[in-house]
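Everything below concerns the one structure shown next.
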2 protein chains.
Amino acid sequence: MFLELDMAGDKPIYVQLKEQIIEGIARGSLRPGDDLPSVRALAADIGINLHTVNKVYQQLRQEGYIQIHRSRGVMIHPDGFLKADKTYRTNLKATLRPLIAEAIVHDFSAEEFARLSQEVYEQILTKEGGEDE
Amino acid sequence: MFLELDMAGDKPIYVQLKEQIIEGIARGSLRPGDDLPSVRALAADIGINLHTVNKVYQQLRQEGYIQIHRSRGVMIHPDGFLKADKTYRTNLKATLRPLIAEAIVHDFSAEEFARLSQEVYEQILTKEGGEDE
DNA sequence: TTTCTGTTATATTAGTAGTATAACAGACAA
DNA sequence: TTGTCTGTTATACTACTAATATAACAGAAA
């Protein structure tokens with residue numbers, strides 16, 4: 001796979017792993033119906049513990065990204081896009097709130113914030129790394 | 001002050017406190033040059049430990065939001081807006097990246113993401129709570 | 001029946017969040 | 001000069017999370 005984990009940094013590796021799988025789905029590297037490695041295989045591949053991978057898979061399943069079958073393994077959810085329901089929108093707004101408050105204090109207009117978001121959007125879809133311009 | 005801390009929730013209270021002070025600056029309730037309560041006074045006011053407040057103040061100082069003087073106390077940084085330098089922009093983009101990847105999987109266009117950000121922007125500036133529409 | 005799969009249980013180590021006390025040191029007012 | 005504010009530092013303790021290590025259980029398929 002396309003995984004790069006920073007074992008030293010502040011961000012927990014299970015969060016990094018989860019985010020990278022979601023980004024893989026977002027940019028189309030992982031497509032609906034695709035198989036994911038077994039918890040043991042992926043853990044061995046990237047040199048972490050089985051339980052760390054399992055925690056990620058459980059969270060991804062609960063949030064609708066993947067399906068898990070008892071002895072057939074794990075796959076990207078075949079239904080394609082997830083529903084952007086009110087719960088999702090409310091949570092996203094709550095997450096954005098402190099980021100946008102920070103941006104305001106840094107003299108960012110809503111338009112500048114939108115422009116920067118647009119850049120990130122395209123970075124993801126064009127499969128660029130996040131190393132900046 | 002205008003502080004509402006959720007002692008039970010997942011988010012650490014020092015993070016909540018920090019975010020709410022920044023939002024207070026963003027919406028103009030806390031203005032450049034304004035005094036903030038002493039670490040002991042604020043801790044006693046909201047019923048938490050002195051060190052928890054001190055940690056928040058130290059972080060806010062390092063990020064340029066406030067000034068701390070040894071025995072005169074703490075004030076909002078008198079210089080007004082902070083510089084939105086390249087480091088800030090790079091960090092913001094790195095923070096947004098997983099949020100936007102999620103949004104893409106939820107079939108959000110860049111425009112919808114921008115529109116939702118705009119809503120949050122106005123919620124903050126018009127001093128609305130985050131209880132949603 | 002062997003060998004995959006996810007699942008569950010238990011234990012340990014390391015780090016962070018938060019609290020509790022105490023003491024130190026600079027500044028300012030009575 | 002003496003209190004009494006201020007932030008600062010040190011130490012210790014509890015609770016929780018992240019991550020690991022082993023082991024065993026249970027369903028399904030070759």
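Every chain is numbered from 1 and lettered A, B, ... according to where its sequence line falls, protein lines coming before strand lines. No experiment lies behind these values; they were computed from the predicted model shown.
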Heavy-atom nearest nucleotide on DNA chain C taken for A:Asp10 and for A:Arg70; more 5' hit belongs to A:Arg70
Sorted by position of nearest nucleotide on DNA chain C, 5' first, the leading residue of A:Pro37 and B:Gly47 is A:Pro37
For the side chain of [X], counting heavy atoms from C-beta on, which of [options] is nearest?
| X | options | value |
| --- | --- | --- |
| A:Ser38 | D:dT20, D:dG7, C:dG6 | C:dG6 |
| A:Ile13 | C:dT5, D:dG7, D:dA19 | D:dA19 |
| B:Ile68 | D:dG7, C:dG6, C:dT19 | D:dG7 |
| A:Tyr14 | D:dT8, D:dA19, C:dG18 | D:dA19 |
| A:Val39 | D:dT8, C:dT21, C:dG6 | C:dG6 |

Note, A:Ser117 side chain near B:Ile100 side chain (heavy atom, < 4.5 Å)
yes
Taken to the nearest whole Å, CZ/B:Arg72 to C1'/C:dA29 is 15 Å
A:Lys55 atom NZ is separated from C:dT8 atom P, nearest whole Å, by 15 Å
For A:Pro78 and A:Pro32, the nearest pair of non-hydrogen atoms, with its separation, is O-CB, 3.7 Å
Looking at B:Arg115 and B:Glu119, does any basic side-chain N land under 4.0 Å from a carboxylate oxygen? no
- Between B:Glu19 and A:Arg97, is there a salt bridge with N-O shorter than 4.0 Å? no
Heavy-atom donor-acceptor pair, B:Arg40 side-chain to D:dT8 base, under 3.5 Å
yes
_Residue-phosphate contact under 4.0 Å: B:Gln58 side-chain N/O, D:dT8 OP1/OP2_ = yes
| query | Can you find a side-chain donor-acceptor pair between B:Arg40 and B:Ser38 that sits under 3.5 Å? | reply | no
Side chains of B:Gln16 and B:Gln20: donor-acceptor distance under 3.5 Å anywhere? no
Item to complete: Using the ring pair (Phe, Tyr, Trp, His ring centres under 6.0 Å) rule, take B:Tyr65 and B:His77 through it: C-alpha gap first, then chi angles, then the decisive distance, then the call.
Response: CA-CA 6 Å; B:Tyr65 292 98; B:His77 201 295; 9.7 Å; no
Give each protein N/O atom lying under 3.5 Å from an N/O atom of nucleotides 10-13 of chain D, with the pair distance.
unit_1	atom_1	unit_2	atom_2	d
D:dA10	N6	B:His51	NE2	2.6

